[in-house]
Asker: 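Right, I'll just put the structure down here and ask away after.
For ligands, and for the atoms within them, numbers begin at 1 and follow the listed sequence. The figures that follow rest on heavy atoms only: side chains count, while hydrogens, waters and symmetry mates do not.
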Amino acid sequence: MKDPKTYIRKNILALTPYSTARDEYQGEIGIYLDANENPYDNGYNRYPDPHQKELKAELSKIKDIPSENIFIGNGSDEPIDLIFRIFCTPGVDNAVSIAPSYGMYKVAAATNDVALTEVRLETDFSLDNNKLLAACNSNTKVIFLCSPNNPSGNNIPRAQIIKIVEKFDGIVVVDEAYIDFSEQKSLISEIELYHNLIVLQTLSKAWGMAGLRLGLAFATNITIQTLSQIKYPYNINGLTQKIVIEKLRKPIDNQVSEIIEERKKLISQLDELEIVKHIYPSDANFILVRFDNPKNIYSQLITNGIIVRDRSSIAGCENCLRITIGTPTENARTFETLKKLNNSGL
Ligand SMILES: *Cc1c(COP(=O)(O)O)cnc(C)c1O
C-alpha cells in the first residue's frame, strides 16, 4: 500500500495549522465573545463553519463516501493548487499531465515553480500509459489526469487509470469534472483501496452551481487532513455553504439526462453537415468539432449571437471548436445557424 505521508513535503508535515475560534470551542449555544465578530445578527455576522460539516454530511450521502474522505475547495482550482503545494518542492520536484487538457494544471504548476511535463494524447485523444510513465522520473510527485477530458470529451478507461495508480510511485489526480455526463463510473469508490489516488469533482458543471464556486477532492484521510490543514481557514463562505446545502437536496437528474440526450441529438444533426469534418466522441456536456475553417465559423457564430470556444490554436485540437450543450432551444439555434452557414457554401 502506498502511504501518501511518504510523498508529503517535510515542511507541510511539520507545520502547525491555524486554529480558529470555532476549533477551540465547539459548543452550539452561548454568548460568543471569542472571534471579534459584530454581535448583531444579520444572518452573516458570524464566521462560517471552517470544516463545512453540514455540507460534507450532505455530500457524503450523495457520493456514498465518509465525510473524512471529502475536501471542499473554492472551486476545483483550490485543491489543484494545494496538491502542488503539499507534494511538490518548488524548483526541485515536477509533475506530469496530459495534453491537450485543462489549462489550470499548468498555471498552478507555474505558480508553484513546479515543472510540468505534458504527455501528448494520441490523435484520437487516447492515452498511452507507457508514454505517460516514461515521462516520469524520480522527482515526479504528481500525475494529473482528466477523465472525461476537457477539451476532447473522451474518457480514459477506468482500468487504464487504475493501472497508472498501481504503477506510479507518487500521487495520481483524476479530474472528474464531467463524470456526471459519462457512462463510466467514478473512481471515488477506489480511494479506499488506492491511497495515492485523489479524485477531483466540482459542482460547477452537472450540478449547475458554477457561480457558487464549489470544488471537491476525494482521497484517503491523511490527504484530506493535509489539504484541510493548509487551506485558508474559511475558504467556503457562509452564503455558499447555505445555498449549496439547499440545492443538493433538490435532484438534478432530469437536467443531466436531458443534456446527454441533447448531446446525442446535436451530434447526429451536425454529422449531416458538410462543413463539419469530425465530431469527437464525448462523455461530457460539450463536443469538440473539427471544421475546415474554424476561425470563420467561430466569427459567423458570434455574428449570430452564439459563442463557442475556439480551441483551434491548441496542439492536437487544430481546426476545432468546442461547443457546450445548451438548452434544447439553444442547441436548435446553433444547429440552424451552422446549417445556414453550411448551405451558404462557407
Ligand atoms: C470546468 C472544469 C473544472 C471546474 O472548475 P471549478 O473551479 O470547480 O469551477 C475542473 N476541471 C476541469 C477539467 C474543468 O473543465
Asker: Is any NZ, NE, NH1 or NH2 atom of the basic residue among K106 and E118 found under 4.0 Å from an Asp or Glu carboxylate oxygen of the other?
Answerer: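 Salt bridge between K106 and E118, a charged N being under 4.0 Å from a carboxylate O: yes.
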Asker: For atom 9 (O) of ligand 1, which protein heavy atom lies nearest, and how many Å away is it?
Answerer: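 Heavy-atom neighbour on the protein nearest atom 9 (O) of ligand 1: S204 OG, 2.6 Å.
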Asker: Hey, which atoms in ligand 1 end up nearer than 4.0 Å to a heavy atom of C146?
Answerer: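 Counting from 1, the qualifying ligand atoms are 13 (C).
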Asker: Please step through ring-ring contact (aromatic ring centres under 6.0 Å, His included) for the pair Y280 and F286, ending with a clear verdict.
Answerer: CA-CA 10 Å; Y280 291 90; F286 58 82; over 10 Å; no
Asker: For ligand 1, is any non-hydrogen atom under 4.0 Å from D175's backbone (N, CA, C, O), its side chain (CB onward), both, or neither?
Answerer: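 Side chain only.
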Asker: Could you check which of E78, E176, K205 puts a non-hydrogen atom nearest to atom 4 (C) of ligand 1?
Answerer: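 Checking each option, the heavy atom nearest atom 4 (C) of ligand 1 is found in K205.
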Asker: Does the side-chain contact (heavy atoms from CB on, under 4.5 Å) test come out yes or no for F71 and L216, once each step is laid out?
Answerer: CA-CA 6 Å; F71 171 82; L216 302 167; over 6 Å; no
Asker: Picking from V165, V96, V172, what satisfies side-chain contact (heavy atoms from CB on, under 4.5 Å) with L145?
Answerer: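 One option only clears the test, and that one is V172.
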Asker: I need the nearest protein heavy-atom contact for atom 8 (O) of ligand 1: residue, atom name and distance, please.
Answerer: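 Looking only at protein heavy atoms, the one closest to atom 8 (O) of ligand 1 is T202 OG1, 2.7 Å.
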Asker: Report yes or no: does a heavy atom of R213 sit under 4.0 Å from some atom of ligand 1?
Answerer: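 Flag set, R213 near ligand 1.
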Asker: Check ligand 1 against D77 and write out every atom of the ligand that is under 4.0 Å from a heavy-atom position of the residue.
Answerer: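 Result: 7 (O).
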Asker: Are E68 and K56 within salt-bridge range, i.e. N to O under 4.0 Å?
Answerer: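 Salt bridge: no.
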Asker: Which atoms of ligand 1 are found less than 4.0 Å from any heavy atom of A177?
Answerer: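 Under 4.0 Å from A177, ligand 1 has these atoms: 2 (C), 3 (C), 10 (C), 11 (N), 12 (C), 14 (C).
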Asker: Can you tell which part of S76 has a heavy atom less than 4.0 Å from ligand 1: side chain, backbone, both or neither?
Answerer: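 Answer for S76: both.
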Asker: Do Y105 and S101 make a side-chain contact, defined as non-hydrogen atoms from C-beta onward lying under 4.5 Å apart?
Answerer: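 Touching, per the 4.5 Å side-chain cut-off.
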Asker: Between N150 and ligand 1, does any nitrogen or oxygen pair lie at a separation below 3.5 Å?
Answerer: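 Yes, since at least one N or O of N150 sits under 3.5 Å from an N or O of ligand 1.
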Asker: So is A210 touching ligand 1 or not, going by heavy atoms under 4.0 Å?
Answerer: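 Flag not set, A210 not near ligand 1.
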Asker: Using every non-hydrogen atom in the two residues, find where K141 and F87 come nearest and quote the distance to one decimal.
Answerer: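 Minimum heavy-atom separation between K141 and F87: CG-O, 3.3 Å.
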Asker: Can you tell me the protein heavy atom closest to atom 15 (O) of ligand 1 and the distance?
Answerer: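 Of the protein heavy atoms, Y178 OH, 2.6 Å lies nearest.
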Asker: I'd like to know if D180 and K205 make a salt bridge, using a cut-off of under 4.0 Å between side-chain N and carboxylate O.
Answerer: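 No, no charged N to carboxylate O under 4.0 Å.
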